[in-house]
Novice: 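Attaching a single structure in structure tokens format; questions to follow.
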Amino acid sequence: MTTIADALRLAAGPVDLTALATDAAPGYDGDKSDGEQALLGMGDELADLQERLFAEGRAGGNRSVLLVLQGMDTSGKGGTLRHTVGLIDPQGVQITSFKKPTPIELEHDFLWRVERALPAAGDVGVFDRSHYEDVLIARVRELAPPEEIERRYTAINDFEADLVAAGTVVVKCMLHVSAEEQKERLVARLDDPSKHWKFNPGDIDERSRWPAYRQAYEIALERTNTEIAPWYVVPADKKWYRNLAVGSLLLDTLRGMAPRWPGADFDVEEQRRRLADEAPLR
């Protein structure tokens, strides 16, 4: 039986995003209602595994998870955070949204600000956009010379290899939305006054660069799809499936890590006796 992870894992070699459906539900044969219930059904196990990982980290463990959410505007990075990452205890989650680099960040290598945002031991870190902006927007808008963009692909692979070697499991999700669905979501934001704050007129300007962004994604996906930090291309036109798929990937990751409750570093029975012998408190 093909799992969601198996169905979404990007194959090695050249990438053609036009050949990958944006409105399908690979690895899942249920409908929207089934998918929403399945996601909620993961909640208890996700929360338990995340708490075990959190406890492990606080007891001296070095493992963590880094979930990378990358995608075009309206692909649903925020929705995924609310509906999927929101199932686990926020005290063990570290979310970072990468925007336009600040003047100070521009004085350093592009990975400098990323290294400062990595999850602590025991945490689930989430990048809402990520270091991949530096080979996507930077490529499309020519914000760096071609030779620098080329250097960055290798730098990213080395960076992620070091993360994995140090105990971080990297889960990279490209939320794959169609141009037609993006247009519908932008119109929906304009139709709803409560969503006007989310609308950026610049998003329409960026739509004119859709082919260039698709090519930039295809190159980045091919060049950074490694065995230790593979890419998963998640169809994002169906919000319910997008949420379910990322939740499933996160659950598979935590199951594979199999975190355990740390053992006590004290004599349990002695502490039990102390409490039993305690004088009444007034």
Side-chain angles (χ1 to χ4, degrees), residues 1-30 35 38-39 42 46 49-50 64-72 74-85 87-88 93 95 98 119 124-133 135-136 153 156-157 159-161 163-164 168-178 181 213-214 216-257:
M1 179 179 177
T2 301
T3 66
I4 288 178
D6 292 336
L8 299 184
R9 181 163 176 167
L10 187 64
V15 178
D16 178 6
L17 287 174
T18 65
L20 299 176
T22 60
D23 62 350
Y28 188 73
D29 56 9
L39 177 61
M42 296 177 185
L46 271 172
L49 289 168
Q50 181 269 332
S64 62
V65 175
L66 176 60
L67 174 63
V68 174
L69 299 178
Q70 194 70 47
M72 295 287 284
T74 78
S75 59
K77 295 177 288 295
T80 302
L81 288 173
R82 287 191 299 276
H83 297 287
T84 299
V85 181
L87 293 171
I88 59 181
V93 178
I95 299 172
F98 290 97
V124 174
V126 185
F127 283 178
D128 176 356
R129 297 186 185 273
S130 67
H131 42 300
Y132 285 95
E133 294 294 286
V135 292
L136 294 169
Y153 297 122
I156 286 173
N157 288 338
F159 170 67
E160 292 177 351
L163 283 182
V164 173
T168 299
V169 179
V170 182
V171 184
K172 303 187 297 192
C173 298
M174 188 267 185
L175 306 184
H176 187 29
V177 69
S178 66
E181 180 65 20
Y213 273 109
R214 182 176 64 236
Y217 266 101
E218 289 172 344
I219 294 170
L221 291 171
E222 177 184 356
R223 296 286 295 277
T224 62
N225 184 36
T226 63
E227 186 65 27
I228 60 172
W231 274 103
Y232 297 91
V233 178
V234 180
D237 284 6
K238 296 177 178 178
K239 296 178 182 179
W240 67 266
Y241 177 76
R242 175 202 68 206
N243 297 337
L244 175 66
V246 175
S248 178
L249 291 170
L250 187 56
L251 181 57
D252 287 350
T253 297
L254 288 168
R255 282 174 174 170
M257 296 174 75

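All figures in this text were calculated on a predicted structure; none of them were measured in a lab.
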Novice: Test of understanding: with ring pair (Phe, Tyr, Trp, His ring centres under 6.0 Å), list the residues that count as partners of Phe159, not counting sequence neighbours.
Specialist: His131
Novice: Distance from Arg255 atom CZ to Leu46 atom CG, nearest 0.5 Å?
Specialist: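 Those atoms lie 8.5 Å apart.
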Novice: Look up atom CD in Glu218 and atom CE in Met174, then write down how far apart they are to the nearest 0.5 Å.
Specialist: 8.5 Å
Novice: Might you point out which heavy atoms bring Arg9 and Thr226 nearest each other, and give the distance in Å?
Specialist: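 Minimum heavy-atom contact is NH2-O, 4.4 Å.
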Novice: Looking at every non-hydrogen atom in both residues, tell me the closest pair between Met42 and Leu251 and how far apart they are.
Specialist: CG-CD2, 3.9 Å
Novice: Name all residues meeting the salt bridge (Lys or Arg N to Asp or Glu O under 4.0 Å) criterion together with Arg82; count only those two or more places apart in sequence or in a different chain, and write none if there are none.
Specialist: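 With neighbours one apart ignored, the set is empty.
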Novice: So which atom in Pro26 and which in Ala24 form the shortest heavy-atom distance, rounded to 0.1 Å?
Specialist: CD-C, 3.4 Å
Novice: CD/Glu222 to CG/Asp16 distance, rounded to the nearest 0.5 angstrom?
Specialist: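 Answer for the CD-CG pair, Glu222 versus Asp16, is 11.5 Å.
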Novice: Can you name the side chain to side chain contact (heavy atoms under 4.5 Å, CB included) partners of Asp237, sequence neighbours left out?
Specialist: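 Asp237 satisfies side chain to side chain contact (heavy atoms under 4.5 Å, CB included) with Thr22, Asp23, Val177, Ser178, Glu181 once adjacent residues are dropped.
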Novice: Can you tell me how far CD1 of Ile156 sits from OG of Ser130, rounded to the nearest 0.5 angstrom?
Specialist: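 These two atoms lie 7.5 Å from each other.
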Novice: Test side-chain contact (heavy atoms from CB on, under 4.5 Å) on Thr224 and Asn157; report intermediate values, then the result.
Specialist: CA-CA 6 Å; Thr224 62; Asn157 288 338; 3.5 Å; yes
Novice: Work out which heavy atom in Leu244 is nearest to a heavy atom in Ala38; give both atom names and the distance.
Specialist: CD1-CB, 3.9 Å
Novice: Going by the rule side chain to side chain contact (heavy atoms under 4.5 Å, CB included), which residues pair with Leu10 if we only count those two or more places apart in sequence or in a different chain?
Specialist: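 Val15, Leu20, Leu221, Asn225, Trp231, Val233.
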Novice: Is there a donor-acceptor pair under 3.5 Å between the side chain of Lys77 and the backbone N or O of Arg129?
Specialist: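 Pair absent, no side-chain N/O of Lys77 close to backbone of Arg129.
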Novice: Can you tell me which residue among Leu39, Leu8, Ile4, Leu67 is in a side chain to side chain contact (heavy atoms under 4.5 Å, CB included) with Val246?
Specialist: Leu67
Novice: Would you list the pairs meeting side chain to side chain donor-acceptor pair (under 3.5 Å) in which at least one residue belongs to residues 241-253, sequence neighbours left out?
Specialist: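 The answer is Thr80-Arg242.
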Novice: Looking only at heavy atoms, what is the nearest atom pair of Ala21 and His176, with distance?
Specialist: O-CD2, 3.8 Å
Novice: Can you tell me how far apart NZ (Lys172) and OH (Tyr132) are? Round to the nearest 0.5 Å.
Specialist: 3.0 Å
Novice: What distance do Asp6 atom CG and Tyr232 atom OH have between them, rounded to the nearest 0.5 Å?
Specialist: 8.0 Å
Novice: If you compare all heavy atoms of Leu249 against all heavy atoms of Cys173, which two are closest, and at what distance to 0.1 Å?
Specialist: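 Where Leu249 meets Cys173 most closely, the heavy atoms are CD1-SG, 3.6 Å.
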Novice: Report yes if some heavy atom in the side chain of Leu250 is under 4.5 Å from a heavy atom in the side chain of Val65; otherwise report no.
Specialist: yes
Novice: Can you list the residues that meet the side chain to side chain donor-acceptor pair (under 3.5 Å) rule with Ser64, with sequence neighbours excluded?
Specialist: Thr168
